[in-house]
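Take a look at the structure set out below.
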Amino acid sequence: MKILLSLLLSLFVGPSLAVESATSLFENTAATGHYVLSAEQWARPRSGQAVLAMPPVRAAVQQLLNTPGGQLLIRYPGGDEGSIWAEELQNWLISLGIEPTLIEMRPGSIPAQIELQIMTTASVKE
């Protein structure tokens, strides 16, 4: 499944852009594995290609694929609107090849943003 998603990233985003963009994004946030998706970024028309092209989503997925035993935590704003937004993001990720068991959803981010965080067994113990 991870190979399929890697191929999709390369096809949709382009091999050089996927590697170059992910590399620069990882330099800024890879140490924490924490990415922020704003409501403004999400408000654009969506397709599989558009979702994977969103820098925080692309970086989080790429890091998830490169983290053995990793899990993606989606922390979203509370309320109906936040729940709908998070569920839509989760559905896009699943349709693009992320195993549902690798995604955990929790309310609690600040309004107008979703936080994507890569969790590992080590980060859960901390």
Side-chain angles (χ1 to χ4, degrees):
M1 196 58 77
K2 288 184 178 184
I3 294 171
L4 174 64
L5 195 54
S6 293
L7 290 172
L8 285 172
L9 276 170
S10 293
L11 289 172
F12 285 132
V13 181
S16 61
L17 180 59
V19 172
E20 181 180 313
S21 297
T23 301
S24 64
L25 286 168
F26 288 141
E27 289 172 1
N28 296 329
T29 56
T32 62
H34 188 257
Y35 308 91
V36 175
L37 177 64
S38 70
E40 181 181 328
Q41 289 171 309
W42 190 252
R44 299 181 182 131
R46 286 176 291 287
S47 65
Q49 182 177 3
V51 170
L52 281 177
M54 294 175 185
V57 175
R58 181 178 59 243
V61 167
Q62 191 70 33
Q63 187 173 3
L64 178 64
L65 294 175
N66 293 323
T67 304
Q71 191 169 25
L72 176 63
L73 172 63
I74 299 175
R75 191 177 311 271
Y76 58 92
D80 290 340
E81 190 174 318
S83 296
I84 291 168
W85 179 13
E87 288 172 13
E88 185 179 358
L89 174 60
Q90 179 185 35
N91 289 335
W92 274 112
L93 293 172
I94 292 169
S95 73
L96 292 167
I98 299 290
E99 290 289 329
T101 57
L102 297 179
I103 302 171
E104 183 177 338
M105 308 267 283
R106 288 189 207 158
S109 73
I110 64 171
Q113 76 177 33
I114 280 185
E115 299 169 15
L116 304 170
Q117 186 173 2
I118 306 305
M119 307 286 286
T120 63
T121 307
S123 64
V124 171
K125 291 180 181 179
E126 294 175 357

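Along the sequence shown, residues carry numbers from 1. Just the heavy atoms: all of them, side chains too, but no hydrogens, waters or symmetry mates, feed the values below.
- Applying the salt bridge (Lys or Arg N to Asp or Glu O under 4.0 Å) rule to Glu88 yields the partners Arg46; only residues at least two apart in sequence or on another chain are considered.
- Not counting sequence neighbours, Ile84 has no partner by the side-chain contact (heavy atoms from CB on, under 4.5 Å) test.
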Quick one: side chains of residues 71-82, donor-acceptor pairs under 3.5 Å with protein atoms, not counting sequence neighbours, listed by atom name and distance.
residue	atom	partner	partner atom	Å
Gln71	NE2	Thr101	O	3.2

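- Remark: Ser109 OG to Gln117 CD distance equals 12.0 Å, nearest 0.5 Å.
- In this view, Ala50 and Ser47 satisfy the side-chain contact (heavy atoms from CB on, under 4.5 Å) rule, not counting sequence neighbours.
- Separation of atoms CE (Met119) and NE2 (His34) is listed at 10.0 Å; rounding is to 0.5 Å.
- The CD1 atom of Ile98 lies 13.0 Å from the CG atom of Asn91; values are rounded to the nearest 0.5 Å.
- Applying the side chain to side chain donor-acceptor pair (under 3.5 Å) criterion to Glu87, with sequence neighbours excluded, gives no partner residue.
- Using a 4.5 Å cut-off on side-chain heavy atoms (C-beta onward), Leu116 and Leu89 make contact.
- For Glu104, the salt bridge (Lys or Arg N to Asp or Glu O under 4.0 Å) criterion is met by Arg106, not counting sequence neighbours.
- Side-chain contact between Gln90 and Ile103: present, with at least one pair of heavy atoms (C-beta onward) separated by less than 4.5 Å.
- Residues Pro56 and Val36 fail the side-chain proximity criterion, which asks for heavy atoms closer than 4.5 Å.
- For residues 59-70, the set of pairs meeting the salt bridge (charged side-chain N to carboxylate O under 4.0 Å, His left out) definition, not counting sequence neighbours, is empty.
- For Arg44, there are no salt bridge (Lys or Arg N to Asp or Glu O under 4.0 Å) partners, not counting sequence neighbours.
- Under the 4.5 Å side-chain criterion, counting only non-hydrogen atoms from C-beta, Leu37 is in contact with Trp42.
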